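See below for the structure under consideration.
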2 protein chains.
Amino acid sequence: MASMTNRTYGQYCGLSRAVEILGERWGLLIVRDLLIGPKRFTDLQRGLPGIPSNVLTSRLKELEKSGVVRRRVLPRPAGSVVYELTEYGSELEEAVVCFGRWGAKSLGEPRPDEIVTPDSIAMALRSTFRPEACQGVRANYELRLGDVVVHARVHDGSIEAATGRLPDADLVIEAGPGIRALMAGEITAGQAIEQGVARVSGKRQLFDQFAKIFRI
Amino acid sequence: MASMTNRTYGQYCGLSRAVEILGERWGLLIVRDLLIGPKRFTDLQRGLPGIPSNVLTSRLKELEKSGVVRRRVLPRPAGSVVYELTEYGSELEEAVVCFGRWGAKSLGEPRPDEIVTPDSIAMALRSTFRPEACQGVRANYELRLGDVVVHARVHDGSIEAATGRLPDADLVIEAGPGIRALMAGEITAGQAIEQGVARVSGKRQLFDQFAKIFRI
DNA sequence: CTGGATCCCTCACGATACTG
DNA sequence: CAGTATCGTGAGGGATCCAG
């Protein structure tokens, strides 16, 4: 193994290549946040609690060199710098969703110092989405967890999930981390409301739908 | 961020959990090899060129503690130790396949010191398999690349791919790394044979099928 | 304020040798 | 065969500083 210098695996294999590109620490989480939309350096930092700025800089440069991320200066008058996924980078969505779905199975309760970010929740909605559970369904949800607000537009087997409010939502759900128990099927929609895990406003029966559509 | 000691990400998020468990160096490649089947310590070493034995030991212990891998002593007279995936670990197949498929897109030509392992090729067949391209098809392939021999049983939209020979194969393909060009659609099945990229024996028209079924 | 650059320190990884 | 022991290096963590 002459030169294992640049962190390769010495194998002619697709998975090895993927891990060489995205296996460094924080790499996949950066991609997760960019899958939600383009972001500025500082916004990425906010979504990745504790990442050292030099590490974020390195990752972005590496991902740019690998063709996953593109650095772009917005036209005047904005003039600011944003990072966004290339076409190639966007093709990671399926893998990130798969991987996140697997990890969600053993999520359990939040650990003491753990935080919740808007992007991770939006991606969680994409991960847990079950197209087969909403054929012919059309529903717009706004989901609030603490001060994190995300939304999902469900439309006949497809979904768009993103951060922020949704003024024309059919149902607004206010909940805490306990919402996981609902999505894991450990409690029913009715119990979630009775136990104070969630409060809803809007078309109530869409909450039962929600529990069917988003499923760990 | 009080204690980021044990390599966590401080986020209540499925993807973060997955990366905490599998994001360490060599982790996913170990899982890839175990997805093909249970393996002994030394066999894992052989499939992971250059992995230090102490690192392999650490990974296996961590993965065992995470519930992904199980260490098992075979009953007498064998008495040897094997590592295998738990049910939970086996559920990683979809994610590994997705991830490997993404990485295969930018595989290019093999780098100088890169090797090919049986397990990685078997997993590559699972990654590139397109169920929609073989409805009603039944075919058994044996694929040889150098001294690496794997096989695939394709049966009406499903596949079993593993290492080793397949005595009742309908078609035996002998090829080099150039086979990637065929699977990437850069050349046709006919050209692959003309250019000496591949030699086949058996039912020739199944080779055209092969190029349709396994696709990067 | 944004978008980093620089420093120091620690620990995970890589290489090698050795053992029951 | 299936690991342990030891040691050197470099990537990552964390704080601070700086230009536009």
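Note that the coordinates shown come from a computational prediction; the quantities given were computed from them, not determined experimentally. Naming convention: chains lettered A, B, ... in sequence-line order (proteins, then strands); numbering from 1 in each chain.
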- Query: Closest to the B:P52 side chain: D:dG13, D:dT16, C:dG14?
  - Reply: C:dG14

- Message: Nearest to the A:R71 side chain among D:dT4, C:dG3, C:dG14, which nucleotide is it?
- Response: C:dG3

- Query: Should B:Y9 be listed as having a side-chain N or O under 4.0 Å from OP1 or OP2 of D:dG12?
  - Reply: no

- Message: If I take atom CZ in residue B:F41 and atom C1' in nucleotide D:dA2, what distance separates them, rounded to the nearest angstrom?
- Response: 6 Å

- Select base, sugar-phosphate, or nothing to describe what B:T42 touches, counting heavy atoms under 4.0 Å on all strands. sugar-phosphate

- With the side chain of B:R7 defined as its heavy atoms from C-beta on, choose the nearest nucleotide among D:dA2, C:dG4, D:dG13. D:dG13

- Expressed in angstrom and rounded to an integer, what is the separation of A:E24 atom CD from D:dG13 atom P? 11 Å

- Message: Tell me if the side-chain of B:T57 makes a donor-acceptor pair with the base of D:dA2, cut-off 3.5 Å, by modelled atom types.
- Response: no

- Note on the structure: Taking C:dA17, D:dG13, D:dA2 as options, the one with an atom nearest any side-chain atom of B:S53 is C:dA17

- Task: Compare the minimum distances between each of C:dG3, C:dC13, C:dG14 and the side chain of B:R59, then state the nucleotide with the smallest one.
- Result: C:dC13

- Atom-to-atom span, CG of A:L44 to C1' of C:dG4 - whole angstrom: 13 Å

- Item | Residue-phosphate contact under 4.0 Å: A:R40 side-chain N/O, C:dG3 OP1/OP2 | yes

- Between CD1 of B:I51 and P of D:dG3 the distance, given in whole Å, is 13 Å

- Query: Would you say a side-chain N or O of B:W26 is under 4.0 Å from OP1 or OP2 of C:dC13?
  - Reply: no

- Query: Charged N to carboxylate O under 4.0 angstrom, A:E64 versus A:K61?
  - Reply: no

- Could you check whether A:Q45 gets within reach of a base, just the sugar-phosphate, or nothing at all, counting any heavy atom under 4.0 Å? nothing

- Item | Length of the line joining A:E64:CD and C:dG4:P, which is rounded to integer Å | 10 Å

- Message: Please verify the inter-ring angle class for B:F207 with B:F210; under 30° counts as parallel, over 60° as perpendicular, anything in between as tilted.
- Response: parallel

- Kindly give the heavy-atom pair with the smallest separation between B:Q11 and A:L29, and that separation in Å. NE2-CD1, 4.2 Å

- Between D:dC1 atom C1' and B:R46 atom CZ, what is the distance in whole Å? 11 Å

- Task: On the 0 to 90° scale, with breaks at 30° and 60°, tag the A:Y9-B:W26 ring pair as parallel, tilted or perpendicular.
- Result: perpendicular

- Message: For a quick test of reading the model: is some side-chain N or O of A:K39 closer than 4.0 Å to OP1 or OP2 of C:dT2?
- Response: no

- Query: Between A:D33 and A:L48, is any pair of side-chain heavy atoms under 4.5 Å apart?
  - Reply: yes

- Query: Do A:N140 and A:H151 have side-chain heavy atoms sitting under 4.5 Å apart?
  - Reply: no

- Quick one: on DNA chain C, does A:N54 or A:L60 contact a more 5' nucleotide (nearest heavy atom)? A:L60

- Message: In whole Å, I'd like the distance from the CG atom of A:L56 to the P atom of D:dG13.
- Response: 11 Å

- Query: When the distance from CD of A:E20 to C1' of C:dC13 is rounded to whole Å, what number comes out?
  - Reply: 16 Å

- Just to confirm, is there a sub-4.0 Å distance from OP1 or OP2 of C:dG14 to any side-chain nitrogen or oxygen of B:R25? yes

- Where the side chain of B:V81 is defined as all heavy atoms beyond and including C-beta, which of D:dT4, D:dG3, C:dG14 is the nearest nucleotide? D:dG3

